[in-house]
Undergrad: 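What follows is a single structure, and I will ask about it in a moment.
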Amino acid sequence: MRKSKMIKGTLILLAMLIMIPAALLIYFHFTQFQPRPTEPLSRKGSARKEIKIGDTLTAITLNMGYGGLSYDTDFVMDGGSMVNPPSADLVKRNTEGVLSDLAAENADIYFLQEIDKASSRSYHIDQVHAAEDTLSGVNSFAANFKSQFVPYPFPETIGRVYSGIMTSSAYAVSKAERIALYIPYKWPVSIFQLKRCLLVSRIPLAKSNQQLILINLHLDAYDDGSGKIEQTKALASLMQTEYQKGNYVIAGGDFNQTFPGSDPNLYPLVKKEHFMPGTIDASLFPKEWKFLYDETVPTSRLCNMPYDPQSDEMQHYVIDGFIVSPNIICEEVRTLDWGFTYTDHNPVQVRLTLAHPPQDY
């Protein structure tokens, strides 16, 4: 009788060990972030400038690293030990520091990535609201990472995440949309992974029927490469469609890929097991399209350790920048050397002129 009860108790325990995780998985499956292919986005704030063909503008792209990937941190996904930042004070310091420095540049357009709305990893500091207050203009936010609970890594976990990309424009935006991108992850991993997207903002050009199209992006990082390829194809298709309408198109962000024509010897891979970014397929874009990047300063660093530019283990990349349509002239592109003080990326700034129609340039 005792043996029978022990067997019965063991079976019940095993059943519970199986049923509880299964029930949680089912719950997370049906409550996961499932964005539609195209979704309208709100526009907050007001414009302070008008833009027309022939004008010159400045734009900056920066991955904010959710305020948790400053010079004094590492990250477990990059080979470090840290899962989440050690304190809310650190996140607050980094958030305020990076936004203050961005505002000081007084750019017309800002493309921001990895900006948190309400996440455990950033101690629920609303960085989107902080950016709206700091960067005056028309602001739109598109979520690309939204999960009630990310159960990785165990036992410490990333927890709740609500994060995405944000565009701030000094010019009036007539429409902003979230365009869903290909998801390379299979179920059940896909439940807890990012749902990448493009944030498309449309700016009417004064005295013209054309528009300035802004495309903010943050492509996949830790996929097998297929995600970035499919996402880049979607980006190229959208950009060319808009250009064929006579519009001016600027795509900026964290491509998690190097740019065509970049020098692989400038920032060689230290170890193959580290993040390998791949390269943007230039054949997806007609030859007159422009890839804008600056290799004199790295735009990103590996978070396998706190930042130490003198260490042989410190890996650098150039994976942030812009792609622009042929009717846009690049006057200048440069990476701002912020020494990865507040985030694991450096900003990239461009100065661009909207050229007159082909017969005039």
Undergrad: Go through the structure and list residues passing side chain to side chain contact (heavy atoms under 4.5 Å, CB included) with Y307, not counting sequence neighbours.
TA: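 Scan of Y307 (side chain to side chain contact (heavy atoms under 4.5 Å, CB included), adjacent residues dropped) gives Y71, R301, P309, M314, H316, F340.
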
Undergrad: Look at the side-chain heavy atoms of Ile, Leu, Val, Met, Phe, Trp and Tyr, link any pair under 4.5 Å apart, and say whether M276 and V270 land in one connected group.
TA: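 No, M276 does not connect to V270 through the hydrophobic network.
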
Undergrad: Can you pull out every side chain to side chain donor-acceptor pair (under 3.5 Å) where at least one residue sits in residues 328-344? Sequence neighbours excluded, please.
TA: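 Checked against side chain to side chain donor-acceptor pair (under 3.5 Å) - neighbours excluded - the pairs reaching residues 328-344 are E331-T353.
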
Undergrad: Just wondering, do D281 and I229 contact through their side chains at under 4.5 Å, heavy atoms?
TA: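 Side-chain contact under 4.5 Å: no.
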
Undergrad: Going by atom types only, do E132 and N139 share a side-chain donor-acceptor pair under 3.5 Å?
TA: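 Not at all, the side chains of E132 and N139 share no donor-acceptor pair under 3.5 Å.
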
Undergrad: What's the separation between atom CD in Q127 and atom CE in M64, rounded to the nearest 0.5 Å?
TA: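 Q127 CD to M64 CE: 5.0 Å, rounded to 0.5 Å.
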
Undergrad: Sequence neighbours left out, cut at 3.5 Å: what donor-acceptor pairs do the side chains of residues 40-47 make with other protein atoms?
TA:
unit_1	atom_1	unit_2	atom_2	d
R43	NH1	V173	O	2.7
R43	NH1	S174	O	3.1

Undergrad: Once ring pair (Phe, Tyr, Trp, His ring centres under 6.0 Å) is applied, do any residues pair with F75, and if so which ones, sequence neighbours excluded?
TA: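 Partners of F75 by the ring pair (Phe, Tyr, Trp, His ring centres under 6.0 Å) criterion come out as none, since no residue qualifies.
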
Undergrad: Of all residues at least two apart in sequence or in a different chain, which pass the ring pair (Phe, Tyr, Trp, His ring centres under 6.0 Å) check with Y171?
TA: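 Result, ring pair (Phe, Tyr, Trp, His ring centres under 6.0 Å) vs Y171: none returned.
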
Undergrad: Sequence neighbours left out, what pairs pass ring-ring contact (aromatic ring centres under 6.0 Å, His included) with at least one residue falling in residues 93-137?
TA: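 Pairs touching residues 93-137 that pass the test: F111-F322.
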
Undergrad: Run the numbers on Q231 and D220 for side-chain hydrogen bond (donor to acceptor under 3.5 Å, both in side chains), then give the verdict.
TA: CA-CA 8 Å; Q231 292 162 6; D220 260 302; 2.6 Å; yes

Undergrad: Consider only side-chain heavy atoms of I, L, V, M, F, W and Y, link residues closer than 4.5 Å, and tell whether L135 and I165 are in one cluster.
TA: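 As far as the 4.5 Å side-chain criterion goes, I165 and L135 are not connected within one cluster.
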
Undergrad: Establish, from distance only, whether the side-chain atoms of Y222 and D78 form a donor-acceptor pair under 3.5 Å.
TA: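 D78 and Y222 do have a side-chain donor-acceptor pair below 3.5 Å.
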
Undergrad: Side-chain heavy atoms nearer than 4.5 Å, only ILVMFWY residues, links allowed to pass through others: does that put L336 and V348 together?
TA: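 No; V348 is not reachable from L336 via cluster members.
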
Undergrad: Does atom CG of D312 have more than 12 heavy-atom neighbours from other groups under 6.0 Å away?
TA: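 Counting other residues, nucleotides and ligands, CG of D312 stays at 12 neighbours or fewer.
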
Undergrad: Determine, using the 4.5 Å side-chain heavy-atom cutoff (strictly less than), whether I51 and I53 are members of one ILVMFWY cluster.
TA: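 Same hydrophobic cluster.
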
Undergrad: Side-chain heavy atoms under 4.5 angstrom apart, residues restricted to Ile, Leu, Val, Met, Phe, Trp, Tyr: same cluster for L214 and L199?
TA: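 Cluster IDs for L214 and L199 differ.
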
Undergrad: For the NZ atom on K52, are there more than 12 heavy atoms of other groups (residues, nucleotides or ligands in this structure) within a distance under 6.0 Å?
TA: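 12 or below, so no.
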
